[in-house]
Number of protein chains: 2
Amino acid sequence: MDFSELKSVCYGCSIRELCLPEGLTDEEVLLLDQHMLHRVPIRKGDPLYRTGDPFKSLYAVSTGFFKTSILHEDGRTQVTGFQMAGEVLGLDAISTDHHLCDAIALEDSAVCEIDFNQFEQLGQLMSNLQHRFNKTLSREIVRDQGIMLLLGSMRAEERLAAFLVNLAKRFSARRQSASQLVLRMTREDIGSYLGIKLETVSRILSRFHDQQLLEVRGRHIRILDPLGLNRLLNSSA
Amino acid sequence: MDFSELKSVCYGCSIRELCLPEGLTDEEVLLLDQHMLHRVPIRKGDPLYRTGDPFKSLYAVSTGFFKTSILHEDGRTQVTGFQMAGEVLGLDAISTDHHLCDAIALEDSAVCEIDFNQFEQLGQLMSNLQHRFNKTLSREIVRDQGIMLLLGSMRAEERLAAFLVNLAKRFSARRQSASQLVLRMTREDIGSYLGIKLETVSRILSRFHDQQLLEVRGRHIRILDPLGLNRLLNSSA
DNA sequence: ACCATTTATTGATCTGGATCAAAGAATGAG
DNA sequence: CTCATTCTTTGATCCAGATCAATAAATGGT
């Protein structure tokens, strides 16, 4: 059976092995995307969903870049993540059947919509899919706990270094340059995510620039000294 | 069929409806605990598991109190949670098949050990169980994101108020007093969890005491003014 | 291309919480 | 019960990062 002949969202997708289908066989992938995948474009600045929206589907980012943020009753907002190709949006909504954050496209993007009811049913048929999905959920927990560590015990400079190193790693896994980053988010978004103010983000980027760790031109960042950045992380200094 | 006659760990358990079996039928609960539950006692101060241990089982706290903490390479440590009866430990380990944090008993405790392989198999047979478990994982993600909000955008006083309100709510759900709290953890543990220093925890508790919000006698805390505490949370003042 | 608006940088000053220090209270092992 | 150890409180001082402020650079709509 030649899978490339079939009309399959996943099959032609270059980030398949970073996405939900990771670790599934070709036949399993086919079953997955024939049953429930649906490609949806989202314009820059538009929400994929908003807090309170009823939960129907998960979304795998196909192309583009998103941010998720939660809104405190007093108006304060906290960016909880930035998602790029292959990453899954909406996992938090499974708990309550309503979305608990806003997901906003930071550039023109496309997502694969995954009907969650159907997905759960397919999980009953394919233990491998269910197993992988448990890992996906668990990985999200680990990611969040990493951010708790960052917010709870790192200084501003370390947080920003960790952020850049993490972004670079994720770009690199997607075969994009690990040194040439284009930030899709504002300094304020970065600050919110890292628990610091936008002025502090800007100042530290400038300092990293002065220290020859980075070249900073607005949102275009080139990592000049990746080891130097990493050194900031692994030393408690 | 009279389930109370059967030897079932869950059936006689008073916190059943706060635990994994939440929402399952009696028959489903029976299937669950006959297949894989195993009660394990843990002494105060002992680890239930440690970072790096191979992952075999999840653990539902039956009685007692735990903390989980992650260890940064440079020696810094971050408490990621406190778990009481009915709460599940080990969800983060599903992602890598190894535990990624330490879980330490803060008092003499008992857990229900749940063999995860068997649990996944049972999930394949009982879609309801699987569905509930997806929700459990998702709820943990939501919890972690709430802590991100706390760490990223609240001041020390608000963090501590949020912590106490949350503890009181959880005790209350377990039919324990919502005003009379006995803290099982040190000021340092609380501080680590909240991203502040132990001296700051102590000072703010003293201040709350002075403001008649609390009565503080070491680890014995009585909440005198729950509305006042809540007011600290909902105002950005 | 132009103007309005949003975003970014940088400086000056202020402050919440960290750090350093020392005394006091609770806990646990023998 | 006693002593050692760990935990907690409180005070004095300091500093990383917040806040306030002003300018400069992007960005987007018409």
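Within every chain, numbering begins at 1; the chains are lettered A, B, ... in the order of the sequence lines, protein sequences first and strands thereafter. Scope of the values below: all heavy atoms of this structure, side chains included, with no hydrogens, waters or symmetry mates.
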Set of residues satisfying salt bridge (Lys or Arg N to Asp or Glu O under 4.0 Å) with respect to B/R219, sequence neighbours excluded: none
Residues in contact with DNA chain D, drawn from residues 160-168 of chain A - heavy-atom cutoff 4.0 Å: none
side-chain hydrogen bond (donor to acceptor under 3.5 Å, both in side chains) involving B/Q212 - partner list, sequence neighbours excluded: none
Can you give me every donor-acceptor pair (side chain of residues 103-115 of chain B, partner residue at least two apart or in another chain, under 3.5 Å) with its distance?
unit_1, atom_1, unit_2, atom_2, d
B/E107, OE1, B/R184, NH1, 3.3
B/D108, OD1, B/K44, N, 2.8
B/D108, OD2, B/R43, NH1, 3.0
B/S109, OG, B/F65, N, 3.2
B/S109, OG, B/E107, O, 2.6
B/E113, OE2, B/S57, OG, 2.8
B/D115, OD1, B/N117, N, 3.0
B/D115, OD1, B/Q118, N, 2.9
B/D115, OD2, B/K56, NZ, 3.4

All pairs passing side-chain hydrogen bond (donor to acceptor under 3.5 Å, both in side chains) where residues 58-71 of chain B contributes a residue, at least two apart: B/R39-B/S62, B/K67-B/D189, B/T68-B/T80, B/T68-B/Q83
Inter- and intrachain pairs under side-chain hydrogen bond (donor to acceptor under 3.5 Å, both in side chains), touching residues 141-151 of chain B, at least two apart: B/E140-B/R143
Sub-4.5 Å side-chain heavy-atom contact between B/L229 and B/L214: yes
Reading 5' to 3' through nucleotides 15-30 of chain D, protein heavy-atom contacts under 4.0 Å coded B for base, S for sugar-phosphate only, - for none: --SSBB-------S--
Side chain to side chain, B/F171 and B/Q180, heavy atoms closer than 4.5 Å: no
Overall bend - the helix from C/dA1-D/dT30 to C/dG30-D/dC1, comparing terminal axes fitted on five pairs, nearest 10 degrees: 70°
Show the atom names and distances, to 0.1 Å, of all donor-acceptor pairs under 3.5 Å that link a side chain in residues 200-208 of chain B to residues at least two apart or in another chain.
unit_1, atom_1, unit_2, atom_2, d
B/S206, OG, B/S202, O, 3.0
B/R207, NH1, B/E157, OE2, 2.4

Where chain B begins and ends its contact with DNA chain C, read 5' to 3' at 4.0 Å from heavy atoms: C/dG17 to C/dG28
Partners passing salt bridge (Lys or Arg N to Asp or Glu O under 4.0 Å) against B/R170 (at least two apart in sequence or in another chain): B/E87
pair B/S138-A/L91: side-chain heavy atoms closer than 4.5 Å: no
Pairs where residues 92-106 of chain B contributes a residue and the test side-chain hydrogen bond (donor to acceptor under 3.5 Å, both in side chains) is met, not counting sequence neighbours: A/K135-B/D97, B/R50-B/D102, B/T51-B/D102
Any B/L198 side-chain heavy atom under 4.5 Å of B/T186 side chain: no
Touch class at under 4.0 angstrom, heavy-atom based, for A/S206 against every strand present: sugar-phosphate
